Amino acid sequence: VNRCERARRALEAAGIDVALISPGPDLRYLVDYDAVPLERLTCLVLPRSGLSTSPVLVAPALEAPAARASVGDSVDIVTWQETEDPYALTARLCGSPRSVAVDDRMWAQKVLDLRAAMPGVEQVAAGRALRELRMRKDPAEVAALREAGAAIDRVHAEVPALLRPGRTEREVARDIAALILDVGHVHVDFVIVAAGPNGASPHHEPSDRHVLAGEPIVVDIGGTMPSGYCSDSTRMYCIGEPPADFAEYYAVLEAAQTAAVAAVRPGVACEEIDAVARRAIGAAGFGDFFVHRTGHGIGLETHEHPYMVAGNDLALEPGMAFSVEPGIYLPGLHGARIEDIVVCTDSGGAVMNERPRSLCVV
Ligand code: ZN
Ligand code: ZN
Ligand code: ZN
């Protein structure tokens with residue numbers, strides 16, 4: 001059964017009559033159309049199963065050839081001309097629903113214009129229903145994540161050659177961005193190069209600070225492959241030997257990350273993956289310095305469900321893909337994170353990244 005049909009069943013189960021899906025990861029997932037979100041309305045009208053209407057893609061006339069090339073014959077396309085009102089058109093195609101769902105990434109302007117075109121119709125978020133599909137990757141999606149992992153591994157393999165005393169974080173990051181494209185990604189999603197005290201800020205933006213000998217360097221990088229699937233991996237580097245206090249907690253972090261990956265298997269709650277890492281770091285006295293959740297789902301988006309975080313009692317299932325990335329951050333000194341993408345399989349966690357996790361001394 002194709003993804004649109006499964007989504008229509010999920011909508012019916014969720015009590016939603018129609019979903020309206022604008023350009024973004026849900027549209028790509030459902031009909032393989034990688035449209036750029038622009039001001040003109042492009043929108044998949046997806047009725048729940050049990051309704052007599054069938055899915056249609058509303059698209060501006062000038063984008064119809066591109067849309068047709070992507071979706072093929074899988075869904076009808078209804079075009080609108082520059083002077084027509086696409087919101088009124090979309091409302092007519094919805095029939096008379098009690099509730100419509102909009103995708104989680106739809107622009108607020110479009111949400112509000114759709115609301116105005118369908119007065120009295122309840123609007124809800126489509127994400128809750130669609131995540132049930134997107135969270136469970138099929139073999140082709142797992143293969144795409146494995147390909148993304150291998151690509152970002154090739155970038156990490158080149159990082160040592162870029163780290164020389166006197167270069168700035170920004171210079172290193174620019175070289176890494178070029179490598180991310182060289183190895184086959186079509187988009188650079190982010191490049192974190194955080195030297196010394198900057199490493200204590202988990203989402204540090206590369207700056208003009210120099211990388212210096214004896215300072216741990218956090219390198220967290222990711223991009224999007226032609227398949228649409230994302231990579232995301234963190235490794236730690238140091239020019240020369242790291243400080244003794246760093247070496248002590250890095251051993252703790254490595255053990256915690258290994259234990260959390262080893263805990264992955266069907267039936268284990270997402271929050272338990274977080275707890276395994278947190279217990280190991282807490283037992284060594286660094287609990288206060290592990291300031292974020294252990295991981296996030298990954299697929300057509302770098303951050304998606306399921307999240308490895310306290311309070312998420314969702315049980316892991318085969319096909320669920322997510323990062324395992326505990327960190328320890330000492331403000332004013334330095335920080336460390338180790339991150340792999342892991343896919344839950346019947347026999348445990350399959351790791352998509354194969355670079356050594358030990359500190360890479362350059
Ligand atoms: Zn992050
Ligand atoms: Zn991540
Ligand atoms: Zn990352």
Side-chain angles (χ1 to χ4, degrees), residues 25 134-135 137 141-142 144-146 148-159 169 172-173 176-177 179-180 183 185 187-195 198-206 216-225 228-237 250 253-254 256-258 260-261 264 270-271 273-274 276-278 281 290-310 312 316 320-329 334-344 349-357 359-360:
R134 282 182 49 195
M135 268 195 311
K137 270 70 179 175
E141 293 179 285
V142 174
L145 285 168
R146 192 177 290 283
I152 209 68
D153 280 1
R154 289 204 294 282
V155 178
H156 271 298
E158 300 293 331
V159 167
E169 291 173 344
V172 174
I176 289 174
L179 284 169
I180 287 174
V183 299
H185 297 87
H187 189 257
V188 179
D189 292 330
F190 57 91
V191 178
I192 296 174
V193 177
N198 290 341
S201 169
H203 280 176
H204 173 71
E205 280 288 321
I217 305 166
V218 181
V219 176
D220 183 358
I221 51 180
T224 303
M225 298 292 283
Y229 287 79
C230 299
S231 63
D232 183 4
S233 173
T234 310
R235 290 293 184 265
M236 291 298 305
Y237 300 85
Y250 192 75
L253 180 64
E254 221 183 320
Q257 203 264 355
T258 302
V261 171
V264 173
C270 291
E271 63 185 351
I273 304 304
D274 180 78
V276 167
R278 211 162 291 282
I281 290 171
F290 178 16
V291 295
H292 55 70
R293 67 189 175 212
T294 293
H296 52 82
I298 188 167
L300 291 168
E301 291 176 280
T302 308
H303 288 193
E304 59 181 46
H305 289 276
Y307 294 99
M308 305 300 118
V309 63
N312 185 6
L316 290 176
M320 288 183 176
F322 48 90
S323 69
V324 175
E325 52 175 310
I328 296 175
Y329 310 94
H334 31 61
R337 178 163 66 256
I338 303 171
E339 175 179 26
D340 290 314
I341 303 306
V342 180
V343 177
C344 182
V351 184
M352 304 289 110
N353 302 100
E354 294 177 353
R355 293 291 302 162
R357 286 156 201 89
L359 178 72
C360 176

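Read the numbers this way: they start at 1 and go in the same order the structure lists the ligands and their atoms. Quick caveat, the model's predicted, so the values are computed rather than measured.
- Considering only heavy atoms from C-beta on, Met352 comes within 4.5 Å of Val343 through its side chain.
- With no hydrogens or angles considered, a side-chain donor-acceptor pair links His292 and Tyr329 at under 3.5 Å.
- Using a 4.0 Å cut-off between charged nitrogen and carboxylate oxygen, Arg357 and Glu254 do not count as a salt-bridge pair.
- Closest N/O/S atom of Asp220 to the Zn ion (ligand 3): OD1.
- Contact annotation: His296 places an N, O or S atom under 2.8 Å from the Zn ion (ligand 2).
- Put simply, Asp232 gets within reach of the Zn ion (ligand 3), with an N, O or S atom under 2.8 Å from it.
- Considering just the N/O/S atoms of Glu339, the one nearest the Zn ion (ligand 3) carries the name OE1.
- With respect to Arg235 and Asp340, a salt bridge is recorded, a charged nitrogen being found less than 4.0 Å from a carboxylate O.
- When you scan the N, O or S atoms of Glu325 for the one nearest the Zn ion (ligand 2), you land on OE2.
- Classification of the His303-His203 ring pair by plane angle, with boundaries at 30° and 60°, yields tilted.
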